[in-house]
Every structure is written in structure tokens, then in C-alpha cells.
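This is a predicted model, so every value here is computed, not measured. Excluded from the calculations below are hydrogen atoms, water molecules and symmetry mates; all remaining heavy atoms, backbone and side chain alike, are included.
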Amino acid sequence: MEKTIVCGLARIDGWAVGIVANQREIIKAKKPGNTMEMQMGGVIYSDSADKAARFIMNCNQQRIPLVFFQDVTGFMVGSRSEQGGIIKDGAKMVNAMANSVVPKFTFIVGNSYGAGNYAMCGKAYDPRLIYAWPTAQMAVMSGAAAGKTLFQIQESALKAKGQEINEEEKNDLLKSIEDRYNEQLSPYYAAARLWVDGIIAPEETRKVISMGIEAANEKPILDRYNVGVIQV
């Protein structure tokens with residue numbers, strides 16, 4: 001069973017909730033043919049996306065609010081993953097979550113990078129509340145990866161102007177780009193731009209979920225849950 005996403009039912013102050021959380025540890029996953037594969041925590045694999053999609057659909061059918069805990073790097077990439085159905089299963093997870101009619105609450109506890117942010121109910125999919133812990137980081141990609149990409153773009157622009165830079169200047173430019181980008185990873189940077197509703201201490205999470213569900217309970221769910229046609 002895929003373990004890079006953990007799904008489970010719980011009660012918070014008496015309220016029933018469905019929890020979808022990224023698990024950030026390296027695990028051994030059993031694959032067809034009784035083979036074992038090492039999988040990186042925080043990465044969404046095909047099996048985990050399929051499991052999360054089915055869990056989200058079940059919670060909607062039972063009218064159970066959903067709570068997402070993000071510590072996600074993104075979807076697994078590569079020809080092997082594509083052949084294994086990551087595009088199909090990833091789309092299934094996003095479809096199930098985007099069409100969800102139950103109250104959704106999102107907490108960014110660690111990384112929140114790229115498409116993983118969307119799949120785990122990021123701001124774009126309108127959760128009732130979205131909060132970050134002080135440990136959160138939000139971006140398209142990690143600081144190191146983004147720094148190298150932005151550096152290559154700037155280096156190409158300088159070369160196009162006929163300007164050559166030596167190794168020391170390259171290192172200084174790369175460092176300045178990475179420092180600027182890493183500063184923008186901060187949850188305080190995100191909160192200042194209303195990308196999240198606020199920053200809370202971890203011990204406040206239960207209270208925020210309980211208050212959010214209590215407020216949402218004042219308006220009964222009337223919409224029908226409909227995800228359309230999903231390829232199994």
C-alpha cells in the first residue's frame with residue numbers, strides 16, 4: 001500500500017473529519033511482481049494519488065469535512081512514472097478534490113511546491129481556511145532548483161548582450177538569486193500577500209479546525225457531489 005500519502009478518519013472536538021496528509025519519509029513500496037521500490041516521502045506517486053482520490057470521494061459521499069496537511073514536493077516525474085499512470089491518477093486526485101462539496105481545511109506544515117500544492121487543496125481550490133505553520137515553505141520549486149533555473153536565464157540574457165562573467169561573478173550571481181528566492185519561500189511572505197489566511201503554532205491546529213467546522217455547519221451542504229467520468 002502506498003504510504004507517501006496517509007488517509008484516515010478522525011474526530012476533532014467531536015466533529016468527524018477525513019485527513020489527507022503527506023508523509024515525509026523514505027519507504028519501501030511493494031510493486032506488482034513482488035518487487036520492492038524505494039519511494040521518497042513528500043512525493044505523490046500514482047498509487048498514492050489513486051488512494052487519496054478514492055478517500056476524498058468517500059468522504060464527500062458521507063458528508064465528512066476534509067483536512068489536508070501539506071508537506072509535498074510534487075508529483076513523481078519520469079518515463080517510468082508516466083507509464084505507471086501518474087498523469088491519469090494525478091488528474092483523478094485533483095478532479096475529486098476540486099469538485100469536493102464538503103468543507104475543506106488546509107494546513108501547510110512543510111514544503112508546498114508546484115502541482116503538489118494544487119493536488120493537496122491549495123489556495124486555488126478555495127479551502128474554507130488555509131493556514132501555515134512557521135515551518136512552511138511555498139513556491140513553484142525549491143530554492144536550489146529555482147536558483148539554478150533563474151541563474152541560467154540571467155546568464156543567457158547577459159551572453160545575448162555580449163557580456164561574459166567569470167566563475168566568481170557566476171557564484172555571486174547564483175547566491176544572490178538563491179537568497180532572494182529563499183526569502184520568498186517564507187510563510188510570512190505568503191501571509192503578507194494573502195496566499196494563506198495566517199500563520200499558527202502547531203498546537204493551535206485542532207482549535208482552528210474545530211472552529212472552522214462549527215462555522216461551516218451553520219450552512220448545510222446542498223450541492224450534489226459530481227466528479228464526472230473518471231477513468232479507473
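The CG atom of L66 sits 5.0 Å away from the OG atom of S100 when rounded to the nearest 0.5 Å. Annotation: the span from Q137 atom CD to N111 atom CG amounts to 5.5 Å, rounded to 0.5 Å. Between I64 atom CD1 and N58 atom CG the span is 8.5 Å, to the nearest 0.5 Å. Between the OG atom of S48 and the CZ atom of F75 there is a distance of 8.0 Å, given to the nearest 0.5 Å. The CZ atom of F105 sits 6.5 Å away from atom CZ of R128, with the distance rounded to the nearest 0.5 Å.
V67 and I56 fall into different hydrophobic clusters, where Ile, Leu, Val, Met, Phe, Trp and Tyr are joined by side-chain heavy atoms under 4.5 Å apart, directly or via other members. V17 and F68 fall into different hydrophobic clusters, defined by Ile, Leu, Val, Met, Phe, Trp and Tyr side-chain heavy atoms under 4.5 Å apart, directly or through other members. V6 and I108 are members of different hydrophobic clusters when ILVMFWY side chains are connected at heavy-atom separations under 4.5 Å.
Residues R24 and T73 bring a donor and an acceptor atom of their side chains to less than 3.5 Å of each other.
When side chains are defined from C-beta on, I44 counts as touching V72, because their heavy atoms get closer than 4.5 Å. Residues E183 and Y189 have side chains not in contact (no heavy-atom distance under 4.5 Å, counting atoms from C-beta outward). When side chains are defined from C-beta on, I221 counts as touching P103, because their heavy atoms get closer than 4.5 Å. Counting only heavy atoms from C-beta outward, the side chains of Y113 and L185 approach each other to under 4.5 Å. In this structure, Y225 and N99 have side chains that are in contact, with non-hydrogen atoms separated by less than 4.5 Å. A 4.5 Å side-chain heavy-atom check between M120 and M93 finds at least one atom pair inside the cut-off.
Counting all heavy atoms, side chain and backbone alike, P65 lies closest to A16 at CD-O, 3.3 Å. The shortest non-hydrogen separation linking D71 to N22 is N-OD1, 3.0 Å. Closest non-hydrogen pair, G18 versus L9, comes out as CA-CD2, 4.1 Å. The shortest non-hydrogen separation linking A132 to P187 is CB-CB, 4.0 Å. Across all their heavy atoms, V102 and N60 have their closest contact at N-OD1, 3.4 Å. Minimum heavy-atom separation, A119 to M97: O-CE, 4.0 Å.
Salt-bridge annotation for D47 and K51: absent, with no side-chain N of the basic residue lying under 4.0 Å from a carboxylate O of the acidic one.
With sequence neighbours excluded, the residues that form a ring pair (Phe, Tyr, Trp, His ring centres under 6.0 Å) with F107 are F69. Residues that satisfy the side-chain hydrogen bond (donor to acceptor under 3.5 Å, both in side chains) test with W15, not counting sequence neighbours, are absent from this structure. Partners of D126 under the side-chain hydrogen bond (donor to acceptor under 3.5 Å, both in side chains) rule, at least two apart in sequence or in another chain, do not exist in this structure. Every residue meeting the side chain to side chain contact (heavy atoms under 4.5 Å, CB included) condition with N117, not counting sequence neighbours, appears here in chain and number order: Q70, S112, M138. Listed by chain and number, the residues in a side chain to side chain contact (heavy atoms under 4.5 Å, CB included) with Y118 are A124, Y125 (sequence neighbours excluded).
More than 12 heavy atoms of other shown residues, nucleotides or ligands fall within 6.0 angstrom of atom CD in Q184.
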Could you check I5 against Q23 for side-chain contact (heavy atoms from CB on, under 4.5 Å), going step by step and ending with a plain yes or no?
CA-CA 6 Å; I5 288 184; Q23 180 163 253; over 6 Å; no

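Side-chain N or O atoms of T135 include none that pairs as donor or acceptor with a backbone N or O of G110 at under 3.5 Å.
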Which pairs of donor and acceptor atoms, one on a side chain in residues 196-214, lie under 3.5 Å apart (sequence neighbours left out)?
| from | atom 1 | to | atom 2 | distance (Å) |
| --- | --- | --- | --- | --- |
| D197 | OD2 | I130 | N | 2.9 |
| E204 | OE1 | A201 | N | 2.9 |
| T205 | OG1 | W133 | NE1 | 3.1 |
| T205 | OG1 | P202 | O | 2.7 |
| S210 | OG | D13 | OD2 | 3.0 |

